[in-house]
Amino acid sequence: MESYGYATELEYVDDFIPALNPLWIDFSLTLAGVECPKPQGKFRYLELGFGLGNSLTLHASCSEGEFMGNDFIPAHCQHAQKFIAASQSCAQVYEEDFLGFYKRLLQENRKFDYIILHGVWSWVSRENQEVIFEIINHCLDLGGRLCKLQCFSGLGGEIFLATLAKNL
C-alpha cells in the first residue's frame, strides 16, 4: 500500500475523546474568556485523521451539525462507516490522502466552524503538514475553531497544545 508520507504500519487505538466535542470546545473557550461567535445555522465540523472514527461518529450522533472526516487508512474508514451506519449519525467520512481531500474541499467550496487534528500531526510527513496548513487556511471559516490535540507514538499520552479561535 502506498503511504503518501503517512505512518500506516499500525491502526489507531479504539477510543473516544470527549474533548473533541464542539460544545465542549466552545465551553472551554468561554471559561478561558474567549468570545466565540455562534455559527449561522448548523455548525460544520471537520476531523483530519479521525482514527477509527469513534469520536467523530458519537459527536455527530449527539449534535445538530454537519460532521466530516478524512483518514488515509482503509481499516479506519471501514470501521467508521460501520459505526456511522449503526449509530444512524449524519457523519461523512472519506478515505483520501490529504492533498486529494484538500482539492475536494476547494472544489466543493467547503468551510468549517471546527477543524480538529487529534494526533495526526506527528504521524505525517512535512509535505502533508503543509497540506494540512492549506486546509486550515482555506477551509476554516471566519470565527472558526482549530483544535489540535497531540498524541506521541509510544507514549500513550495526550498533550493539549492549542485551541484557537480564528478572528480575522
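Side-chain atoms are counted along with the backbone in the values below, which use heavy atoms only and exclude waters and symmetry mates. Treat the numbers as computed from the prediction; the structure is a model and nothing was measured.
- Here the straight-line distance linking atom CZ of Arg104 with atom CE of Met68 works out to 7.5 Å at 0.5 Å rounding.
- Hydrophobic clustering, with ILVMFWY side chains joined whenever heavy atoms are under 4.5 angstrom apart, keeps Phe27 apart from Leu20.
- Without hydrogens or angle criteria, Ser61 side chain to Leu58 main chain gives a donor-acceptor distance under 3.5 Å.
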His59 vs Ser55, side-chain contact (heavy atoms from CB on, under 4.5 Å): CA-CA, chis, key distance, verdict: CA-CA 6 Å; His59 297 313; Ser55 299; 4.0 Å; yes
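- One finds the CD1 atom of Ile132 at 11.5 Å from the CZ atom of Phe101 (value rounded to the nearest 0.5 Å).
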Quick one, Tyr114 with Asp141, criterion side chain to side chain donor-acceptor pair (under 3.5 Å). Give me CA distance, side-chain angles, the key distance, then yes/no. CA-CA 8 Å; Tyr114 301 87; Asp141 209 355; over 6 Å; no
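- Asp26 contributes atom CG, which lies 5.0 Å from atom NZ of Lys38 (distance to the nearest 0.5 angstrom).
- Judged purely by atom type and a 3.5 angstrom limit, His79 has no side-chain atom pairing as donor or acceptor with the backbone of Ala75.
- Distance CG/Leu46 to CD/Gln92: 11.0 Å, rounded to 0.5 Å.
- Glu66 meets the salt bridge (charged side-chain N to carboxylate O under 4.0 Å, His left out) test with Arg110; sequence neighbours excluded.
- In this structure, Leu106 is a member of the same hydrophobic cluster as Phe112, with clusters built from ILVMFWY side-chain heavy atoms closer than 4.5 Å.
- The backbone N or O of Arg145 lies less than 3.5 Å from no partner atom in the side chain of Asp113, so there is not a single donor-acceptor pair.
- The structure places CG of Leu140 at 9.5 Å from CZ of Arg44, a figure rounded to the nearest 0.5 Å.
- With a 4.5 Å cut-off on side-chain heavy atoms, Cys77 and Phe50 count as touching.
- Within the 3.5 Å criterion, the main-chain N or O of Gly51 finds a donor-acceptor partner in the side chain of Asp71.
- Separating the CD1 atom in Ile135 from the CG atom in Leu146 is a distance of 11.5 Å, to the nearest 0.5 Å.
- Scanning both residues, Ala91 and Ala60, for their nearest heavy atoms gives CB-CB, 3.9 Å.
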Identify each donor-acceptor pair in which a side-chain atom of residues 81-88 lies under 3.5 Å from a protein atom, sequence neighbours left out, and give them as a table.
{"unit_1": "Ser87", "atom_1": "OG", "unit_2": "Phe83", "atom_2": "O", "d": "3.0"}
{"unit_1": "Ser87", "atom_1": "OG", "unit_2": "Ile84", "atom_2": "O", "d": "3.3"}
{"unit_1": "Ser87", "atom_1": "OG", "unit_2": "Ser89", "atom_2": "N", "d": "3.3"}

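- Between Glu95 and Phe72 there is no side-chain heavy-atom pair separated by less than 4.5 Å.
- Among all heavy-atom pairs drawn from Ile25 and Cys147, the shortest one is CD1-CB, 4.0 Å.
- The closest side-chain heavy-atom distance from Val124 to Val120 is below 4.5 Å.
- Scanning all heavy atoms of the two residues, the minimum distance from Ile115 to Cys139 falls at CD1-C, 4.1 Å.
- Ring geometry for Phe67 against Tyr45 counts as tilted: the plane angle lies between 30° and 60°, on a 0 to 90° scale.
- Between the side chain of Asn137 and the main chain of Phe133, a donor-acceptor pair closer than 3.5 Å is present.
- Using a 4.5 Å cut-off on side-chain heavy atoms (C-beta onward), Phe98 and Glu127 make no contact.
- Looking at residues two or more places apart in sequence or on another chain, you find a side-chain hydrogen bond (donor to acceptor under 3.5 Å, both in side chains) between Ser28 and Trp24.
- Counting heavy atoms from C-beta outward, Asp97 and Val131 have side chains that stay 4.5 Å or more apart.
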